[in-house]
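Throughout, residue positions are numbered sequentially from 1 according to the sequence presented. As the structure is a prediction and not an experimental result, all values here were calculated from the model.
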Amino acid sequence: EHNVEKIHESLQTAWSEEVKRRHSNTNTTGDGKHSTTNDSDNINNSHSRNHKPHLLGALMELHSKEFIMSGIIILPFIAVILIQPYFITAILDYIIEEDSVSIFGLDGIPPLYIATVSGVLMILSMFSINLTFYMVNNIDIKMRTGLMTLLFDKCLKLSVSARSQYSSGEILTLMSVDMERVWFGVLFAHWIWVGPLCMVSSLVSIGLVVGMVPALTAAAAGIFILCVFFPLGRLIAEARRRLVGQTERRMKLINESLLG
């Protein structure tokens, strides 16, 4: 499964199929009549951009099933996060009142049962999140290995004129920094939808237990924090782009100094 040659061959095959598919779509849309007006030129340019091959398409073709499966496996972890506070509240009620408690509308449930179910749910959630991270890391390893071997193979096949268009720092950055960004991007990709889902579910739970006013207040506070941190995130991204440029020049200088 983690054989480098097999990973490289599968990614190379997927990329070739992606290129053929995009080119066939371009040829299909290009068979019609084209006007000479500026509007039609803009439309044709947009079509050419849409039909440009994307490496992400090849990667998703290879690993989409595993990625979707890891997203399904993380669902028990999300469910436990949402219902665990009800069990903790029931246990605290028993400690305060020293009597049988109710949970989810069920009265007279022994506290031992509640504590046992709570422990089982915690074990299930830990198993779910650890298995999810294992599967995502497995996908990460195969993606990173495939991309690095594909890039290395491409660098070996570049002509002298094409090779002169890229500095050694840019190539080293692609092999190291950009591969690390791919790693972290895939590792935390599920939190793009897990985070909003947990937030909305928590607000609904607050509204049902405490009331709509606290829920709306929490929602307003969350929206305010997002509005504050979104521009800050853009500034950090811009600073990161400038840092990558400096990293490329630094790596180029070090590489040329070592090679002489």
Chemist: Would you give the length of the straight line joining atom CD1 of Ile129 to atom CG of Leu124, rounded to the nearest 0.5 angstrom?
Modeler: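 Ile129 atom CD1 to Leu124 atom CG measures 11.5 Å (nearest 0.5 Å).
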
Chemist: With clusters defined by side-chain heavy atoms of hydrophobic residues (ILVMFWY) lying less than 4.5 Å apart, directly or transitively, does Trp193 cluster with Phe188?
Modeler: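 Result: yes, single cluster for both.
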
Chemist: Heavy atoms, side chains only, cut-off 4.5 Å: are Thr149 and Asp153 in contact?
Modeler: no

Chemist: Tell me every residue that passes side-chain hydrogen bond (donor to acceptor under 3.5 Å, both in side chains) with Thr132, counting only those two or more places apart in sequence or in another chain.
Modeler: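 Expected list: none.
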
Chemist: Please identify each residue that fulfils side chain to side chain contact (heavy atoms under 4.5 Å, CB included) with Met212, with sequence neighbours left out.
Modeler: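 Counting only residues at least two positions away or on another chain, Met212 forms no side chain to side chain contact (heavy atoms under 4.5 Å, CB included).
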
Chemist: Assigning hydrophobic clusters by single linkage (Ile, Leu, Val, Met, Phe, Trp, Tyr; side-chain heavy-atom cutoff under 4.5 Å), is Val120 placed with Met122?
Modeler: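 Different hydrophobic clusters.
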
Chemist: Out of curiosity, does Tyr86 fall in the hydrophobic cluster containing Ile123 (side-chain heavy atoms, cut-off under 4.5 Å, transitive links)?
Modeler: no

Chemist: Table please: side-chain donor-acceptor pairs of residues 68-84 below 3.5 Å, with sequence neighbours left out.
Modeler:
unit_1: Ser70; atom_1: OG; unit_2: Glu66; atom_2: O; d: 3.4
unit_1: Ser70; atom_1: OG; unit_2: Phe67; atom_2: O; d: 2.6
unit_1: Ser70; atom_1: OG; unit_2: His190; atom_2: NE2; d: 2.7
unit_1: Gln84; atom_1: NE2; unit_2: Ser118; atom_2: OG; d: 2.5

Chemist: Please say yes or no: joined through hydrophobic side-chain contacts below 4.5 Å, possibly via intermediate residues, are Val200 and Leu203 part of one cluster?
Modeler: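 Each belongs to a different hydrophobic cluster.
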
Chemist: How close do Val136 and Val186 get, heavy atom to heavy atom, and via which atoms?
Modeler: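 Taking Val136 first and Val186 second, the nearest heavy atoms are CG1-O, 3.3 Å.
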
Chemist: List, by chain and number, the other hydrophobic cluster members for Leu235, where Ile, Leu, Val, Met, Phe, Trp and Tyr join if side-chain heavy atoms come within less than 4.5 Å, directly or indirectly.
Modeler: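 When side chains under 4.5 Å apart are linked, Leu235 ends up in no cluster with other residues.
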
Chemist: Is there a side-chain contact between Tyr134 and Asn130 (heavy atoms, below 4.5 Å)?
Modeler: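 No. Closest side-chain heavy atoms not under 4.5 Å.
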
Chemist: Is it possible for you to say whether Ile192 and Phe184 belong to one hydrophobic cluster, with membership spreading through side-chain heavy-atom contacts below 4.5 Å?
Modeler: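 No, because Ile192 and Phe184 fall into different hydrophobic clusters, even though each may have its own neighbours under 4.5 Å.
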
Chemist: Hey, what do you get for CG (Asn138) to CE (Met135), rounding to the nearest 0.5 Å?
Modeler: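 Rounded to the nearest 0.5 Å, the CG-CE separation comes to 8.0 Å.
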
Chemist: Which residues pass the side chain to side chain contact (heavy atoms under 4.5 Å, CB included) test with Leu151, not counting sequence neighbours?
Modeler: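 Partners of Leu151 under the side chain to side chain contact (heavy atoms under 4.5 Å, CB included) test: Cys155, Leu174, Met175.
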
Chemist: Just to verify, what does Ala14 make a side chain to side chain contact (heavy atoms under 4.5 Å, CB included) with, not counting sequence neighbours?
Modeler: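 For Ala14 the side chain to side chain contact (heavy atoms under 4.5 Å, CB included) partners, ignoring immediate neighbours, are Ala58, Glu61, Leu62.
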
Chemist: Just by distance, do the side chain of Ser16 and the backbone of Gln12 share a donor-acceptor pair under 3.5 Å?
Modeler: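 It does hold such a pair.
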
Chemist: Partners of Asn137 by side chain to side chain contact (heavy atoms under 4.5 Å, CB included), sequence neighbours excluded?
Modeler: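 Phe133, Trp183, Leu187.
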
Chemist: Test your reading of the model: is there a side-chain donor-acceptor pair from Ser10 to the backbone of Ile7, 3.5 Å cut-off?
Modeler: yes

Chemist: With a cut-off of 3.5 Å and sequence neighbours excluded, list every side-chain donor-acceptor pair involving residues 221-232.
Modeler:
none

